[in-house]
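Here is the structure we will look at, set down as structure tokens.
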There are 2 protein chains.
Amino acid sequence: MNLPFKALSDPTRRKIIMLLRKEDLTAGEIAEHFDMTKPSISHHLNLLKQAGLVNDERKGQNIYYSLNTTVFQELIGWFFDIINVKEDGKNEENN
Amino acid sequence: MNLPFKALSDPTRRKIIMLLRKEDLTAGEIAEHFDMTKPSISHHLNLLKQAGLVNDERKGQNIYYSLNTTVFQELIGWFFDIINVKEDGKNEENN
DNA sequence: TAGATAATTAGACAATTATCTAAATATCTA
DNA sequence: TAGATATTTAGATAATTGTCTAATTATCTA
């Protein structure tokens, strides 16, 4: 759970996640929303991917990014564990 | 929401949160669980406090730390926003 | 009030991170 | 195959962060 938390600690990366809520986007489309170079955005996308928060898929010249909700659900489980609200069939795991 | 995410990005601070899940603890009791100096733990506790994740209360010579679940619930809301919008399936025509 | 205990604050330093420019890779199309 | 477009990779640098030691603050008690 370290990489997801690290990935979420940056405002740019959280904004990228918000952009991907509604629709999958290419790296270029994502970069258009920021006052930052494309290599910087690419770096953030890579960290999000390593954390398992997004998937990428090449389609011709474009690489489409999409949310991978699996890790988000694990994170929600972590938070529920903190506030002692029990989820159905979820095991406890730290860290 | 920036400070809470920043605070949660460090493993030591997440472990502190886990310790406080079961009972309130003094700064010294928390420090005993780590191979790290007390000033370092104090620093982490300060960041957790600034993020609103913990409260502190002095009782004599001790300062007791406890979880403040309010911000945790806000964080859960943030995650649900992501999952819900995503799974309302606006863009199932992927690829 | 002096000494002991609990905890924080201050300041320094090394490691990590975010950002940039330049170069490289992958793909499409004429 | 050449040139254009989309994106990543490499390398450098400045800012941020985590940790330490030393000093300070707050409290208790004899």
Side-chain angles (χ1 to χ4, degrees), chain A residues 1-20 23-68 71 94-95, chain B residues 1-20 23-68 71 75 91 94-95:
Chain A
M1 292 297 261
N2 192 41
L3 288 182
F5 277 113
K6 287 269 188 199
L8 290 169
S9 71
D10 182 84
T12 298
R13 292 194 288 270
R14 291 199 302 278
K15 185 175 172 185
I16 290 173
I17 286 166
M18 286 305 183
L19 290 171
L20 293 174
E23 52 183 348
D24 300 351
L25 296 169
T26 70
E29 288 169 337
I30 291 169
E32 286 173 5
H33 289 82
F34 296 88
D35 184 19
M36 193 180 293
T37 64
K38 284 185 178 184
S40 294
I41 294 298
S42 185
H43 163 73
H44 287 304
L45 289 169
N46 183 46
L47 292 181
L48 287 169
K49 193 171 70 173
Q50 286 184 26
L53 296 172
V54 306
N55 297 318
D56 63 340
E57 183 184 6
R58 178 177 281 276
K59 270 238 144 28
Q61 285 169 296
N62 302 299
I63 296 180
Y64 279 84
Y65 283 87
S66 59
L67 287 189
N68 179 359
V71 177
N94 293 3
N95 201 3
Chain B
M1 291 298 262
N2 193 40
L3 288 183
F5 276 112
K6 287 269 189 200
L8 290 170
S9 70
D10 181 82
T12 298
R13 293 193 287 269
R14 290 200 302 280
K15 185 174 172 185
I16 290 173
I17 286 166
M18 284 304 181
L19 290 172
L20 293 175
E23 52 183 346
D24 300 351
L25 295 170
T26 69
E29 288 169 338
I30 292 168
E32 287 173 5
H33 288 82
F34 296 89
D35 184 18
M36 192 180 293
T37 64
K38 285 185 178 183
S40 294
I41 294 298
S42 185
H43 165 73
H44 287 304
L45 288 170
N46 183 44
L47 292 181
L48 287 169
K49 192 171 72 173
Q50 286 184 27
L53 296 172
V54 306
N55 297 319
D56 63 340
E57 181 185 6
R58 178 178 281 276
K59 285 185 178 172
Q61 284 169 298
N62 302 299
I63 297 179
Y64 279 84
Y65 282 88
S66 59
L67 286 190
N68 180 358
V71 177
L75 286 162
N91 60 323
N94 66 341
N95 301 351

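Please read all numbers here as calculations on a predicted model, not as lab measurements. Below, read A as the first sequence line, B as the second, and so on, with proteins coming before strands; counting in each chain starts at 1.
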Show which side-chain atoms of residues 3-10 of chain B pair as donor or acceptor with protein atoms under 3.5 Å away, not counting sequence neighbours.
from    : atom 1 : to      : atom 2 : distance (Å)
B/Ser9  : OG     : B/Lys6  : O      : 2.7
B/Asp10 : OD2    : B/Thr12 : N      : 2.9
B/Asp10 : OD2    : B/Arg13 : N      : 3.2

Quick one, B/Phe34 and B/Lys15 - any side-chain contact, counting heavy atoms below 4.5 Å?
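Answer yes - side chains close enough.
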Should B/Arg14 and A/Asn2 count as side-chain neighbours, where that means a heavy-atom distance under 4.5 Å?
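Yes, side chains in contact.
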Give me, pair by pair, the N or O atoms of the protein and of nucleotides 14-16 of chain D that are less than 3.5 Å apart, along with how far apart they are.
none

Please list, by residue number, the residues of residues 35-47 of chain A whose heavy atoms come closer than 4.0 Å to an atom of DNA chain D; answer none if no residue qualifies.
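Residues of residues 35-47 of chain A that come under 4.0 Å of DNA chain D are, in numerical order, A/Lys38, A/Pro39, A/Ser42.
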Under-4.0 Å side-chain N/O to phosphate OP1/OP2 contact, B/Thr26 with C/dA7:
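True: B/Thr26 side-chain N/O within range (under 4.0 Å) of C/dA7 OP1/OP2.
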With respect to the phosphate group of D/dT7, does any side-chain polar atom (N or O) of A/Asn62 fall under 4.0 Å of OP1 or OP2?
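Checking D/dT7 against A/Asn62, a side-chain N or O does come within under 4.0 Å of OP1 or OP2.
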Residues two or more places apart in sequence or in another chain: which of them pass side chain to side chain donor-acceptor pair (under 3.5 Å) with [X]?
X       : answer
B/Asp56 : B/Lys49
B/Asn55 : none
A/Asn62 : none

Distance check needed: [N] [atom2] versus [X] [atom1], whole Å only.
X       : N      : atom1 : atom2 : value
B/Asp10 : C/dT16 : CG    : P     : 13 Å
B/Leu8  : D/dT17 : CG    : C1'   : 16 Å
A/Ile63 : C/dT25 : CD1   : C1'   : 10 Å

Closest heavy-atom pair and its distance - B/Ala27, B/Ile41
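Of all heavy-atom pairs spanning B/Ala27 and B/Ile41, the closest is O-CG2, 4.4 Å.
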Would you name the heavy atoms of B/Ser66 and B/Asp24 that are closest together and state the gap between them?
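Closest approach of B/Ser66 to B/Asp24, heavy atoms only: CB-OD1, 3.2 Å.
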Could you grab the distance from atom CD of A/Glu29 to atom CD of A/Glu23, nearest 0.5 Å is fine?
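That separation rounds to 7.0 Å.
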Report the residue (B/Tyr65 or A/Thr12) whose heavy-atom-nearest nucleotide on DNA chain C is the more 5′ of the two.
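Nearer the 5' end of the strand: B/Tyr65.
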What is the nucleic acid contact for B/Phe34, judged by heavy atoms within less than 4.0 Å: base, sugar-phosphate only, or nothing?
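Nothing, no heavy atom under 4.0 Å.
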Contact class for A/Tyr64 (heavy atom, under 4.0 Å): base, sugar-phosphate, or nothing?
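Touches nothing.
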So which pairs with a foot in residues 37-48 of chain B pass salt bridge (Lys or Arg N to Asp or Glu O under 4.0 Å), sequence neighbours left out?
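Qualifying pairs, neighbours excluded: none.
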A correct dot-bracket answer for DNA chain D, with pairs being Watson-Crick or G-U at under 3.5 Å, [ ] for crossing pairs and | for inter-strand pairs, is ||||||||||||||||||||||||||||||
Excluding sequence neighbours, so at least two apart, what forms side chain to side chain contact (heavy atoms under 4.5 Å, CB included) with B/Leu20?
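Partners of B/Leu20 by the side chain to side chain contact (heavy atoms under 4.5 Å, CB included) criterion, ordered by chain and then number, come out as B/Ile16, B/Leu25, B/Ile30, B/Val54, B/Tyr65, B/Leu67.
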Can you name the residues that form a side chain to side chain contact (heavy atoms under 4.5 Å, CB included) with A/Pro39, not counting sequence neighbours?
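So A/Pro39 forms a side chain to side chain contact (heavy atoms under 4.5 Å, CB included) with A/Thr37.
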Report yes or no: is the cationic atom of B/Lys59 (NZ for Lys, CZ for Arg) under 6.0 Å from the centre of the six-membered ring of B/Tyr64, at an angle within 45° of the ring normal?
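Yes, a cation-pi geometry.
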Pairs under 3.5 angstrom, nitrogen or oxygen only, protein versus nucleotides 26-30 of chain D, please.
from   : atom 1 : to      : atom 2 : distance (Å)
D/dT27 : O2     : B/Gln61 : NE2    : 3.2

